[in-house]
Amino acid sequence: MAKAHILGFPRIGAQRELKFAVESYWRGDIGLGALQETGKILRQRHWAVQADAGLDVVSVGDFAWYDQVLNTLALLGAVPTRFKFDPKKLTLADYFTLARGNPEHFAMEMTKWFDTNYHYLVPEFTADISFDGGVDWLFEENAEAIALGHATKVTLVGPLSLLYLGKIKSGVAHKLDFLPKVIAGYQRVLQRLQEAGVEWVQIDEPILALELDAAWCAAFAPTYQALSPVAPKLLLATYFDQVREHSALLRDLPVAGVHLDLVRGVGQLPAFLQDWPQDRVLSAGVVDGRNIWRADLDSVLALLAPLHAVLGERLWVSASCSLLHVPVDLAHENKLDAELKGWLAFATQKVSEVTALKRALNGETQAVSAQFTAAALAFAARKVSPRIHNPLVQKRLSQIDGISVNRNQVFADRIVRQQARFNLPAFPTTNIGSFPQTTDIRQARAQYKRGEMGHLDYLNCMREEVRLVVQKQEEIGLDVLVHGEPERNDMVEYFGEQLWGYAFTANGWVQSYGSRCVKPPFIYGDVYRPEAMTVGWSEFAQSLTAKPMKGMLTGPVTMLQWSFVRDDQARDQTALQIALALRDEVIDLEKAGIGMIQIDEPAFREGLPLKAADWPHYLDWAVKAFRITASGVQDDTQIHTHMCYSEFNDILPWIAAMDADVITIETSRSDMELLDGFGEFAYPNDIGPGVYDIHSPRVPKVEEMQRLLRKARGVIPDQRLWVNPDCGLKTRGWPETTAALENMVLAARTLRAEVAQQEQAA
Ligand code: GLN
Ligand code: ZN
């Protein structure tokens, strides 16, 4: 009899209960007792979903007040020592301080969990750190589930992944030098779980999906040899990509089971099946934990059946990875179009897909036949639905090779024409796009959405806002203006709502970090732009000023990256469709007299595949998509792009290949260090390195920005250098925005004067 389980369930709650409870607790509106009660109710509810659906075990250890990596550190007692907490007496308040910082200590660093949009807290390893036991939450939660009558499987972030994802702050030269301490810590935890009667522990080692060097690979055998004798049965979980190159390593590990992601890596199966150990469990991750499409149960069953024939009860059916990365429950989507809804599965539905597959394998065909039929019908309907394929898009896509991805002239010649047209001063000042989204703006947008405000009233209201933003920028003395994006709630949603092929959920929240959730749209069909999306706004804004007004678009890669993407065609095809739609918008903006157009690509870097071997393919199509978007204009039209939150240095050749006339990037938080790579690489086009951090209300002094500009001048030639903030200002208030921009303009003017003087003297 095959078994069924999942690697983890989303913890936030279908109505984001955890978010609201945690935030109320932070504000002091509710006490610790009420917060803990919410956590308990959510765990109870999520276990019930799993047990009621028929999973053989429920997941314990996937719950976290903020983050699963921080939970693991709290469990091991290995929290950053700079906070001076006693790990053995760690409280929930301390835990939140680690995550969020306090006036004395900056928060733990946060970074993306592999190629997902989930952010984990980065472990900090120092000489004085102990792995000597911390909080008892995991043990308590397991007891809680047992008391409710559930069979449990406890999940843990694995020791090597925990170490790999952390940062060495002091004490040792190489992270692996810490391994003995880490192993001792895990031994204690695992032993305690064994003593508590836990049968299975799922130990996640997602780093196996990366390109690991020999030292890390070699660390697996001794680590697991040390752990397994004192541990319950271990299910070693890999996910997010195939791990074929580690098949021998995994075969020889003393673990009771291995989980493989068969959605992203179905091709790895033969390498593992060749000599799968006799007594070992194979957990087959066949339901997509990273996307929201309903599974094609019949074809998944066809994949599983031969495995089941060989493995029998040693086959466990599962989702590819933790369901943390998908929304909680489709049942709450009552506004979604019925046809589209029929194509989707959120976490709750995925749990039931997993159990349906198990039942079918176990011969309970009758019991699940209705579910299989419904899935087959939905799948067939999706394939032939007229909403998927748009003949206009298909036709253009078939002719895409005839579209030029080049501007007419090279940058050196274009910039001469652009300079003649715009006549900008040295070190031109500009903004990244958005201006403060005040309560008035948000209220008006909400009223309009609810139908309480008419279309023209809404337009007027937002136009007033644009007028204000333009006037402010003129007063401040900026050189290149923006309209402020008041009409946009979100940079992807705004465009998605105007494009065919995109749809939105009411409640499809996914945890991004801590209490922060995002609601990505989904792309179900060919992307087509029925009419211009931004031209009216930009045209109006330009009419208010003689200075150049930048048109403002979200680029094709970001439109893709921050959405759930259709799985019935390759991602690059969808990216090209978006690029074609945006190309038309760019051309329309130019026709309307907009001379500068910014195409934001903040998510360009994060689209990179996990394995460097897969980078070139991604970068090729991502650059192509950008160039298709940008290349339909005359040479005196200036194309800008913007990127942030990224390490750019390893992809500079491709950033250069995008061939934007101007790129603005986030650099102030790294004290311009991010810029060094651009200098070494001799990045050829114009650059605006951010001179102030927009993430805090703090107003940077003129001298600070001058210092950063001086640093930038050491790397970037004067003629190529722009002056701007790190990113958009939508989360800021007006007072600090005005003050900071005034200082920024002053910094640029002072620099101009200095340079003019130097030139005269020379
Ligand atoms: N133009 C966008 C803004 O200013 C860019 C946002 C981003 O980079 N994330 O808000
Ligand atoms: Zn940005």
Side-chain angles (χ1 to χ4, degrees), residues 112 117 119 429-438 441-442 445 462 465-466 469-470 472-473 478 480-496 512-513 516 518-521 533-534 537-538 541 549-563 582 585-586 589 594 596-607 626 629-630 638-648 655 658 660 662-670 674-675 687-696 722-734 737 740-741 744:
K112 272 176 195 283
N117 205 7
H119 302 70
T429 53
T430 190
N431 271 292
I432 307 305
S434 55
F435 265 76
Q437 290 249 336
T438 57
I441 297 179
R442 280 198 229 109
R445 212 174 27 234
M462 293 298 133
E465 200 52 46
V466 171
V469 167
V470 171
K472 280 272 192 187
Q473 292 174 94
L478 287 143
V480 170
L481 309 196
V482 295
H483 78 286
E485 306 176 26
E487 78 287 10
R488 302 180 193 182
N489 155 23
D490 172 271
M491 64 188 292
V492 171
E493 182 167 294
Y494 178 76
F495 290 94
S512 170
Y513 62 87
R516 199 180 138 71
V518 294
K519 190 156 64 70
M533 303 181 283
T534 64
W537 297 106
S538 292
M549 172 63 59
K550 276 195 284 188
M552 197 58 64
L553 305 174
T554 303
V557 178
T558 302
M559 287 297 295
L560 193 75
Q561 200 57 33
W562 289 350
S563 308
L582 290 170
E585 185 74 13
V586 170
L589 281 167
I594 305 300
M596 294 189 183
I597 301 163
Q598 180 173 313
I599 305 163
D600 289 325
E601 283 291 23
F604 190 85
R605 173 69 171 72
E606 72 184 54
F626 185 88
T629 306
Q638 189 166 70
I639 297 289
H640 292 228
T641 189
H642 165 70
M643 294 186 189
C644 47
Y645 321 114
S646 313
E647 185 59 61
F648 309 102
I655 295 182
M658 290 163 71
V662 184
I663 183 170
T664 53
I665 53 170
E666 176 200 336
T667 40
S668 81
R669 285 200 288 182
S670 68
L674 272 176
L675 204 57
I687 306 189
V691 294
Y692 84 85
D693 178 15
I694 53 83
H695 294 88
S696 102
W722 286 62
V723 179
N724 45 265
D726 266 345
C727 192
L729 300 162
K730 75 193 254 189
T731 56
R732 294 275 57 85
W734 268 109
T737 295
L741 291 178
M744 185 182 90

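Remember, it's 1-based here, ligands and their atoms both numbered in the order they're listed. Side chains are part of it too, since the values below use all heavy atoms of this structure and drop only hydrogens, waters and symmetry mates.
Residues of the protein with a heavy atom under 4.0 Å from ligand 1 are I432, G433, S434, E485, M491, M552, D600, P602, H642, C644, C727, G728, listed by chain and number.
Separating the CD atom in Q561 from the CG atom in N117 is a distance of 8.0 Å, to the nearest 0.5 Å. Of the inter-residue distances, the one linking H640 atom NE2 with Q598 atom CD reads 7.0 Å to the nearest 0.5 angstrom.
In this structure a side-chain-to-backbone donor-acceptor pair under 3.5 Å is missing from S563 to P520. Remark: side-chain polar atoms of T429 are not paired, donor with acceptor, to backbone N or O of V723 under 3.5 angstrom. Remark: side-chain polar atoms of E485 are not paired, donor with acceptor, to backbone N or O of F435 under 3.5 angstrom.
The minimum distance between the Zn ion (ligand 2) and any N, O or S atom of H642 involves atom NE2.
Ring geometry for H483 versus W537: interplanar angle under 30°, hence parallel rather than tilted (30 to 60°).
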